[in-house]
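Can you read through this structure? Questions will come right after.
What's counted below: heavy atoms across the whole structure, side chains too, no hydrogens, waters or symmetry copies.
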Amino acid sequence: MTIRVLVVDDQPLMRAAFDMTLRKEADVEVVGEAADGHEAVLETRRLRPDVVLMDVRMPRLDGVEATRILAADGEPAKILILTTFDIDEYVIEALRAGASGFLLKDVRPDELVHAIRVVARGDALLAPSVTRRLLDSVAATLPPARANGASRLDVLTEAELKVLTLVGRGLSNQEISSELFVADTTVRTHIRHILEKLDLRDRVQAVVLAYDTGLVRPPPRWSGEASA
């Protein structure tokens, strides 16, 4: 399968660099470019790419709003956020809006290609170790649980709720399996059911929802006061 990619960045040199890297791959096709979020929305609707490499900070319409619009449209394209500033509020909001992961712009070419393949096959580019780093970085500034958000979780079984809690804490499937004394296949089944019942795109969205609903709360060691 050829992975169709749309490259979105307000810097022409950056677009050219990504284009040059991706055109070397036999299974990746750059189908178009966009210089801001507004163009990204239009080109995604027109070209129907599999993956959108989306710069997070752009004029006219930034990557967060563009991601939110495309997610609301129900676009099947997976959105991979590109950022210069590592984990910040823009990245968090982009993940909330529907992005499937994020990368720094100085990512190595092989890592960029790997990331595109990962999200194209439907997986989230947010490994457990990255989840923990993400939570470490933003937990102190996370907003309070959203009012009535927990009611969304009523559709989950007790077992699924336990799995979602552990996903939100950044545990891998293997770690969840050990924690709950169940098979890895059972964990994967629970996660699939969680995503289907809650209409979530991937594991990233599950982590965000676990915090938004108050199911998972930052432990004391994540607070600014506890930092040493």
Side-chain angles (χ1 to χ4, degrees), residues 51 64 67-68 70-72 74-81 87-103 115 118-223 226:
V51 176
V64 175
T67 298
R68 188 171 288 121
L70 292 173
E75 287 290 343
K78 305 297 183 182
I79 298 175
L80 194 52
I81 292 294
I87 298 168
D88 63 9
E89 70 277 8
Y90 280 86
V91 172
I92 302 305
E93 286 307 311
L95 295 176
R96 255 197 192 98
S100 293
F102 72 95
L103 291 171
V118 166
V119 298
R121 67 173 180 251
D123 294 332
L125 192 73
L126 202 60
S129 60
V130 178
T131 303
R132 293 190 181 108
R133 187 167 65 90
L134 175 69
L135 299 178
D136 280 345
S137 298
V138 305
T141 59
L142 282 171
R146 297 181 180 179
N148 302 321
S151 62
R152 287 190 62 186
L153 306 181
D154 291 345
V155 297
L156 301 182
T157 65
E158 183 178 349
E160 290 165 353
L161 204 58
K162 289 180 180 177
V163 170
L164 178 58
T165 300
L166 296 177
V167 168
R169 284 170 43 193
L171 272 65
S172 67
N173 286 4
Q174 185 175 3
E175 290 169 332
I176 295 172
S177 175
S178 299
E179 180 88 9
L180 299 180
F181 301 101
V182 297
D184 183 70
T185 52
T186 300
V187 174
R188 290 201 301 270
T189 298
H190 282 320
I191 292 175
R192 185 177 73 251
H193 289 165
I194 289 167
L195 299 182
E196 290 172 351
K197 288 182 177 181
L198 298 177
D199 194 26
L200 303 173
R201 291 170 64 103
D202 50 42
R203 199 183 191 103
V204 174
Q205 299 300 297
V207 171
V208 171
L209 182 67
Y211 274 83
D212 276 350
T213 58
L215 183 64
V216 176
R217 296 183 182 278
R221 68 184 181 86
W222 278 339
S223 70

**Q.** Closest non-hydrogen atom pair between G168 and A210, with its separation
**A.** CA-CB, 4.0 Å

Q) How long is the span from the CG atom in L209 to the CG atom in L164, to the nearest 0.5 Å? A) 6.5 Å

Q | Flag side-chain contact, heavy atom, 4.5 Å: V118 against L80 | A | no

Q: Verify side-chain contact (heavy atoms from CB on, under 4.5 Å) between L198 and L153, making sure each step is shown before the conclusion.
A: CA-CA 8 Å; L198 298 177; L153 306 181; 4.1 Å; yes

**Q.** CD1-CG distance between I176 and L166, expressed to the nearest 0.5 angstrom
**A.** 5.5 Å

Q | T157: side chain to side chain contact (heavy atoms under 4.5 Å, CB included) partners, not counting sequence neighbours | A | A159, E160, K197

Q: First locate atom CZ of R152, then atom CG of L215, and finally report the distance between them rounded to the nearest 0.5 Å.
A: 12.0 Å

**Q.** More than 12 heavy atoms of other groups within 6.0 Å of E158 CD
**A.** no

Q | Partners meeting side chain to side chain donor-acceptor pair (under 3.5 Å) with K162 (sequence neighbours left out) | A | none

Q. Hey, are the side chains of V119 and I79 touching, using non-hydrogen atoms and a 4.5 Å cut-off?
A. no

Would you be so kind as to tabulate the donor-acceptor pairs closer than 3.5 Å made by side chains of residues 180-194, with sequence neighbours excluded?
unit_1, atom_1, unit_2, atom_2, d
D184, OD2, R188, NH1, 2.2
T189, OG1, T185, O, 2.9

(Q) Using the side chain to side chain contact (heavy atoms under 4.5 Å, CB included) criterion, which residues pair with A97? Sequence neighbours excluded. (A) T67, R68

Q) CD/E179 to CZ/R169 distance, rounded to the nearest 0.5 angstrom? A) 5.5 Å

